Structure formats: C-alpha cells, structure tokens
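Below you'll find the structure, written out as structure tokens, and then a few comments.
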Amino acid sequence: MFDVEKIREEFPILERKVYGRPLVYLDSGATAQKPLSVIETVDRLHREGNANIHRGVHLLSEEATELYEAARQRIADFIGASAKEEIVFTAGATASLNTVAYAWGDAFVGAGDNIVVSEMEHHSNLVPWQLVAQRRGAEVRMLPIDDRGALRLELLPTLVDSRTRVVAVTQASNTLGTRPDLRPVIEAAHAVGAIAVVDGCQGVVHGGVDVRALDCDFYAFSGHKLYGPTGIGVLYGKRELLDRMPPFLGGGDMVDRVSFARTTFAPVPLKFEAGTANFIGAIGLGEAVRFLERFDPAEIEAHETALLTRATERLSAIDGLRIYGQTPDKCAIVSFNIEGVHPYDVGMILDKLGIAVRTGQHCAEPVMTHFGVTGMCRASFALYNTAAEVDALAAGVERAVRMLRN
C-alpha cells in the first residue's frame, strides 16, 4: 500500500535541515528530488560502468549499451509507445521540443502557414515555435485561457484551419495545474493535417500518459521532473514522422556512411542522438521509472489530490490570497498571490522557515500577462509530500502576511 513515510525514507535529501528547520520541499514542479535507487545507479555507473555506448567491442561498452537500450525500452513501455525506436533521448524537454521545431518545423512549415500554441505554455513550447515562424514566414496563433485557467476549446475552429501545420499544447500547466482535455485539440489538428505536439513535463508525473491512446504526434518530457537525473530528456515521436524528419544535429553516432561527397544517416532514434549521449542520465531515468512502477498510479494520484485539496482549502482561508487555476481536474500545483504583497517577499520568508517554493514567472510569462501580475508563488507537490507539510506551508504564508502587512 502507498505509505508516504516509507517513501520519504528513500529520498535522502528530505532528511536535510534548512536554517535549522526540517526541509519542506514544495518545488517539485521545477525539479523533483531523487530516490536512493536513482542516486546509487548513477554513482555505480560512474564508479564501475563508465564507457561510451554504441562504439566499443569491449565489455564495459557492451554493458553500458545494453543498459542504455534497456532504459529506452522501459520508457517506451512506461508511456505506451509502439516501439522503443520512437523514444529519442535528448538533454531535456526543451531540447526535445526544439528538435521538433527545427527538424520538423523547418522542413514542413512554410510562408503563410500558422502554428497554434496555447496561452498557458511554458516558454519551451512557445519560443521555439516563434523562432520557426520567424525563419519560415509563418504566423503564431494563441489559443487563449479563461480566468479559471481553462483552455477556451470553443475557439479552436477559429484558429485551426487548412494552413495550420502545428498545434502545441501542454498536458498540464506548470503554473496553473490545468490539465486540459487534449482530445479535441489533437482531433482538430489532425482534421487539417497538422501535427499535435504535447509538453508532458508535468503530465507524465501527475497522471501519466499513454501516447498511443492520446494519439499525439510528439510528446516531450524531462527526466529531472520525473525523479530522474538532470540533463536527460525524452522525445517521443510517431515512427513515420521521425523517419520523414531530417536530423537536427550532426556528428558521431547519428550517421550511416560519411564521405566528402555525401553522408547518409542512421535509422531512428539514433538519427537524432548525435555525439556522446548522456547514457548515464538515460539509465538513471530508466531507474526512476522502475521506482515509480512499484506504486499504483491511482494511489499516487489520490495522495497528490488530497494534498492539493488541503492546500487549496488552507490557503483560500487567508485574507487577500488569490489562487490562480481553478479547473476541477487540475494537478497538484497551486500558484497564488497575496494582495499588496510581493511574491518574492513571501518566498524569502518561507525559505527562512525551511519551506521551498517557487516564485516568479515560472517560464510562463503569457500566463502572468493574462492575470495582470508580474509573478506568483507556486507550491508543487509530489508523492513524497505530506499533509503536515501542507499545514506548514499555510502557517508559513499566514506568518508572512502578518510580517509584511504590519
């Protein structure tokens, strides 16, 4: 059964004290903490198994290659991909989304075309499409949100048309927690022959994904938000699309034959994995997935929902506090401001109490613009957080209000 106290024992950093107080880590939306199994896997590889993959016939290289490709298969199974060849390892979700924007966008977006991007996107799923539009003479169109933080899906017919080539949307907003219904978005894209690109950084953690059932064309996420190492990410792409795309980066391991006359490329996914891959990070991410597979996803979801409900109730009772993102199926993220109080000041006081939250624009400036603010405080919960930590957050915010308003 799901036992949060036992789970916490597997995360060494949660034993740390900050300014003499027990660490209350509520910033997993930025980066999640790592279980001991991931830490030990990465350490063991550096100590005993460090050898470049796909290049050597010696034992260490063969072992590393086998572990790397096993991690690819595990991740493919975890997100419901048809085959491990649909999993490309990258440096992170930003690199994954840029790979699609450059490799697919430069090849298939032209002058007069348009790209539809939701208003709640992380900059990583907006800026690359703006750059594509500038290079190719295309237009970026915004699919807006309402004041609850819900996507205005009724506007899709006014935005998606025969010149739409890409529809880019998040599975779960990193700021609002909104988990939009992606079915009508993806169906609208496919109805006009466009591709659907999904930022899954928060969604893969909160609720998970089956990419075949979702029928998205590309799906990106980062390892460090999924309890894995930093510097590793995943790009899922439908095989037929990956086959059609030219490579994004050139170099070693992504080639078939090279001459000064002509170079041919390796099959996917290697075509998009130029240079020495972060094989230790990929294997570490595979171990993070193995860790998560020990638990019932429904129990994780229920635990995180209970934390979100408690946090929403406790924070909503504070005078002058506004929570942004009020959709019924939001994930375990709560962003808020207090009238007359700067979010940075709240975050700094919470820090002195041992409570780590995110403050600022959360790489989602259009969301801030929509709500007319310059920043927000954000608490993001994970499977290792407790009700007591939610109560500590609420008490800390109440204390900050008393200090800053007097």
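What you see is a predicted model; the values in this text were computed from it and never measured.
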*Hey, does Pro180 have a side-chain heavy atom less than 4.5 Å from the side chain of Val185?*
no

_Lys/Arg-Asp/Glu bridge criterion (N-O < 4.0 Å) met for Glu301, Arg179_ = yes

*Does Met376 reach the side chain of Thr359, with side-chain heavy atoms less than 4.5 Å apart?*
no

_With rounding to the nearest 0.5 angstrom, report the CD1 to CZ distance, Ile87 to Arg72._
8.5 Å

*Carboxylate-amine/guanidinium contact Asp27 Arg378, below 4.0 Å*: yes

_Please find the pair of heavy atoms, one from His190 and one from Asp217, that lie closest to each other, and give the distance._
NE2-OD2, 2.8 Å

*Measuring from Phe89:CZ to Ile53:CD1, what's the distance to the nearest 0.5 Å?*
8.5 Å

*Indicate the atoms forming the closest heavy-atom contact of Pro12 with Lys34, along with that distance.*
CD-O, 3.9 Å

*asked:* Just checking Tyr68 against Phe279, ring centres under 6.0 Å apart?
replied: no

*Indicate yes or no: does Asp161 engage Arg141 in a salt bridge with an N to O separation below 4.0 Å.*
yes

*asked:* Please determine whether a side-chain nitrogen of the Lys or Arg among Arg152 and Asp146 lies less than 4.0 Å from a carboxylate oxygen of the Asp or Glu.
replied: no

*Any luck finding a side-chain donor-acceptor pair between Thr90 and Ser96 under 3.5 Å?*
yes

*In terms of side-chain geometry, is the basic nitrogen of Asp351 or Arg21 positioned less than 4.0 Å from the acidic oxygen of its partner?*
no

*How many angstroms lie between CD in Glu273 and CG in Asp253, if you round to the nearest 0.5 Å?*
7.5 Å

*Is any side-chain heavy atom of Leu159 less than 4.5 Å from a side-chain heavy atom of Asn114?*
no

*Minimum side-chain heavy-atom gap Glu119-Leu143 below 4.5 Å*: no

*Close side-chain approach of Arg405 and Glu339, heavy atoms under 4.5 Å*: yes

*Quick one: does Ser380's side chain have a donor or acceptor within less than 3.5 Å of a partner on Ser28's backbone?*
yes

*Is Arg55 atom CZ crowded by more than 12 heavy atoms from other residues, nucleotides or ligands, each under 6.0 Å away?*
yes

*Could you give the distance from CD (Glu365) to CE (Met368), rounded to the nearest 0.5 Å?*
9.0 Å

_Reported OH-to-CD1 distance for the pair Tyr384 and Ile13, which is rounded to 0.5 angstrom_ = 8.5 Å

*Could you label the plane-to-plane angle of the Phe11 and Phe291 rings as parallel, tilted or perpendicular, counting under 30° as parallel and over 60° as perpendicular?*
perpendicular

